[in-house]
Amino acid sequence: MSPNPVTTAPTLVNVQSGDATGTLTASPNARVDIVVSGSCSGGGQGTFAVSPNNNVNLNSDEVITVSYTPSASGPRTCRVDVFDDNTTTVLGTFSVSGTGEDPAAMAVSYTTADFGSTRHNNAAAVHTTTRNFTVTNTGDQTLTVSSVTVGGDFAVTAGGTSNIMIAGGAARVFTVTFDPSAAGTRTSTLTFNSTAPSTPTLAIPITGVGTNAVIGVTAPMGGFGTVNTGSSALLDITVRNTAMTNIGPLGVQSATISDPNSSGWFAFTGSCSGQNCTFSPALSITTMTTVGIRCSPPTMALANEMQTATISFNSDTDNAT
């Protein structure tokens with residue numbers, strides 16, 4: 001037999017394959033019966049059909065047609081015996097093989113997904129959240145994901161959105177990004193459409209919360225009061241996140257002391273010095289924090305002299321700067 005084995009193309013379980021052919025070499029004056037034996041190997045299950053198979057005249061080469069109908073997925077190879085017609089004498093053997101395949105099937109790593117809370121203001125350092133959704137082809141045949149759709153404040157940002165091919169047993173990761181446009185709960189549906197016969201569409205409810213942050217700054221009444229020349233006094237400025245609902249972290253990047261008279265009485269304390277302070281990392285405030293200020297009137301200051309300064313904070317607040 002040439003070729004040996006005669007191999008059919010992979011086919012779906014419970015579906016008959018297309019025909020494969022092999023040529024049985026001539027044996028003058030021989031007539032043979034061709035029988036698929038029970039000697040088989042491989043993880044698959046199914047039956048082979050051979051034609052012609054009875055009283056075959058081998059005075060010339062004979063083309064043999066083989067088909068395979070799998071009943072379970074996996075490869076299967078069986079021995080075929082060539083008997084002298086109407087006897088039990090085996091003149092030769094060859095093999096037939098085929099592979100059964102399960103149809104493509106789609107599974108997704110989430111049935112629902114919560115993206116948590118994130119700032120809706122794009123000025124915030126972190127104002128998006130991502131989740132990865134793994135789509136697995138649990139079948140053997142290639143799965144085509146024809147479209148991936150989502151709406152509202154969500155977008156597919158990696159993995160593709162149309163005509164994605166996933167081989168049998170393989171997986172593909174799709175990244176969805178949540179970028180809230182307003183405060184409050186935001187919802188959408190992530191939908192995968194595919195060629196999987198049993199699961200052509202999978203729809204996944206997704207949700208996230210957009211949050212607020214509003215800066216509020218207060219200093220103690222009366223400021224520093226009276227400070228002796230040549231000495232120092234300390235005062236804490238309170239920075240609050242005054243958002244009322246859906247509170248997210250307020251990011252404060254820097255602060256500046258503006259001294260209109262350039263007297264130099266005022267400076268930051270703590271990790272900063274002088275009149276310009278960059279917070280590294282930025283302050284992340286959900287309730288409140290304090291920033292220390294020092295007042296140091298020089299020895300040449302006049303008695304009862306008063307100086308004032310303005311402290312400005314640079315933040316990602318949702319209201320005015």
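Side chains included, hydrogens not; waters and symmetry mates left out as well; all remaining heavy atoms used.
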Checklist entry - Can you list the steps and then say if Ile64 with Val6 is a side-chain contact (heavy atoms from CB on, under 4.5 Å)? => result CA-CA 9 Å; Ile64 303 298; Val6 182; over 6 Å; no
Checklist entry - After noting the C-alpha distance and the side-chain angles of Ile34 and Phe94, does the key distance pass the side-chain contact (heavy atoms from CB on, under 4.5 Å) rule? => result CA-CA 10 Å; Ile34 303 172; Phe94 62 92; 4.1 Å; yes
Next on the checklist: Between Phe133 and Tyr110, is the ring-ring contact (aromatic ring centres under 6.0 Å, His included) condition met? List the steps.
Outcome noted: CA-CA 7 Å; Phe133 296 79; Tyr110 288 92; 4.9 Å; yes
Item to check | Check against side-chain contact (heavy atoms from CB on, under 4.5 Å), Phe83 and Val32 | outcome: CA-CA 5 Å; Phe83 289 93; Val32 296; over 6 Å; no
Checklist entry - How far apart are the C-alpha atoms of Ile166 and Met106, what are their side-chain angles, what is the distance that settles it, and do they pass the side-chain contact (heavy atoms from CB on, under 4.5 Å) test? => result CA-CA 10 Å; Ile166 304 176; Met106 182 171 58; over 6 Å; no
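Put simply, the side chain of Val291 reaches to within 4.5 Å of the side chain of Phe313, judged on heavy atoms. Side chains of Thr177 and Thr129 form no contact here, defined as non-hydrogen atoms less than 4.5 Å apart. Between Trp265 and Phe224 there is no side-chain heavy-atom pair separated by less than 4.5 Å. Between Val214 and Leu250, every side-chain heavy-atom pair lies at or beyond the 4.5 Å cut-off. Here the side chains of Glu305 and Pro297 are not in contact, with every heavy-atom distance at 4.5 Å or above. The shortest side-chain heavy-atom distance between Thr161 and Ser147 does not fall under the 4.5 Å cut-off. The closest side-chain heavy-atom distance from Asn57 to Glu62 is not below 4.5 Å. Phe115 is not listed as a side-chain neighbour of Arg186, based on a closest heavy-atom distance of 4.5 Å or more.
Closest approach of Leu143 and Ala105 over heavy atoms only: CD2-O, 4.4 Å. Gln253 and Ala282 make their closest contact through CA-CB, 4.2 Å (heavy atoms, listed as atom of the first residue, atom of the second, distance). Closest approach of Val227 to Cys295, counting heavy atoms only: CG1-O, 4.0 Å. Contact record, Ser67 with Asp19: CB-OD1, 3.7 Å, taken as the closest heavy-atom pair. Counting all heavy atoms, side chain and backbone alike, Pro249 lies closest to Ala213 at O-CB, 3.9 Å. Of all heavy-atom pairs between Phe266 and Ala309, the closest is CD1-CB, 3.6 Å.
Of the N and O atoms on the side chains of Asn121 and Asp316, not one donor lies less than 3.5 Å from an acceptor on the other residue. Checked by atom type, the side-chain pair Asp61/Thr23 shows no donor-acceptor distance below 3.5 Å. When only modelled atom types and interatomic distance are considered, Asn132 and Thr175 share a side-chain donor-acceptor pair under 3.5 Å. In the model, Asp114 has no side-chain atom that pairs as donor or acceptor with a side-chain atom of Thr207 under 3.5 Å. Side-chain contact check for Ser97 and Thr77: no donor-acceptor pair (N or O, by modelled atom type) lies under 3.5 Å. Of the N and O atoms on the side chains of Thr128 and Asp179, not one donor lies less than 3.5 Å from an acceptor on the other residue.
Without hydrogens or angle criteria, Asn59 side chain to Pro28 main chain gives no donor-acceptor distance under 3.5 Å. Put simply, the side chain of Thr136 never gets that close to the backbone of Thr138: no donor and acceptor are under 3.5 Å apart. Between the side chain of Thr199 and the backbone N or O of Ala196 there is no donor-acceptor pair closer than 3.5 Å. A donor-acceptor pair under 3.5 Å is absent between the side-chain atoms of Ser73 and the main chain of Glu101, judged by distance alone. When atom types are taken as modelled, the side chain of Asp102 and the backbone of Asp140 share no donor-acceptor pair closer than 3.5 angstrom. Side chain of Asp33 to backbone of Asn55: a donor-acceptor contact under 3.5 angstrom is found. In this structure, the side chain of Gln275 does not engage the main chain of Gly264 through any donor-acceptor pair within 3.5 Å. With hydrogens and angles ignored, the 3.5 Å screen pairs no side-chain donor or acceptor of Asp81 with any backbone N or O of Val90. Looking at Ser37, its side chain does come within 3.5 Å of a backbone N or O of Arg79 through a donor-acceptor pair. With hydrogens and angles ignored, the 3.5 Å screen pairs no side-chain donor or acceptor of Arg119 with any backbone N or O of Val126.
One hydrophobic cluster, built from ILVMFWY side chains closer than 4.5 Å, cannot hold both Val13 and Val96; they sit in different ones. Under the 4.5 Å side-chain contact rule for hydrophobic residues, Val209 and Phe178 do not share a cluster. A continuous path of ILVMFWY side-chain contacts below 4.5 Å connects Phe268 to Leu283, so both sit in one hydrophobic cluster. With hydrophobic clusters built from ILVMFWY side chains whose heavy atoms lie under 4.5 angstrom apart, Val66 shares a cluster with Val36. Linking ILVMFWY side-chain heavy atoms closer than 4.5 Å, directly or via other members, places Val145 and Ile206 in a single hydrophobic cluster.
For the atom pair CZ of Arg294 and OG1 of Thr269, the computed distance is 6.0 Å after rounding to the nearest 0.5 Å. Between the OG atom of Ser194 and the CG atom of Asn163 there is a distance of 12.0 Å, given to the nearest 0.5 Å. Ile204 CD1 to Arg131 CZ: the interatomic distance, rounded to the nearest 0.5 Å, is 13.5 Å. Separating the CD atom in Gln307 from the CG atom in Asp259 is a distance of 6.0 Å, to the nearest 0.5 Å. The line from CD1 of Ile311 to SG of Cys277 is 10.5 Å long, rounded to the nearest 0.5 Å. Here CG of Asn193 is found 11.5 Å from OG of Ser162. Values are rounded to the nearest 0.5 Å.
Classification of the Phe192-Phe174 ring pair by plane angle, with boundaries at 30° and 60°, yields perpendicular.
When the options Thr242, Asn212, Asn241 are evaluated for a side-chain contact (heavy atoms from CB on, under 4.5 Å) with Ile247, the one that passes is Asn241.
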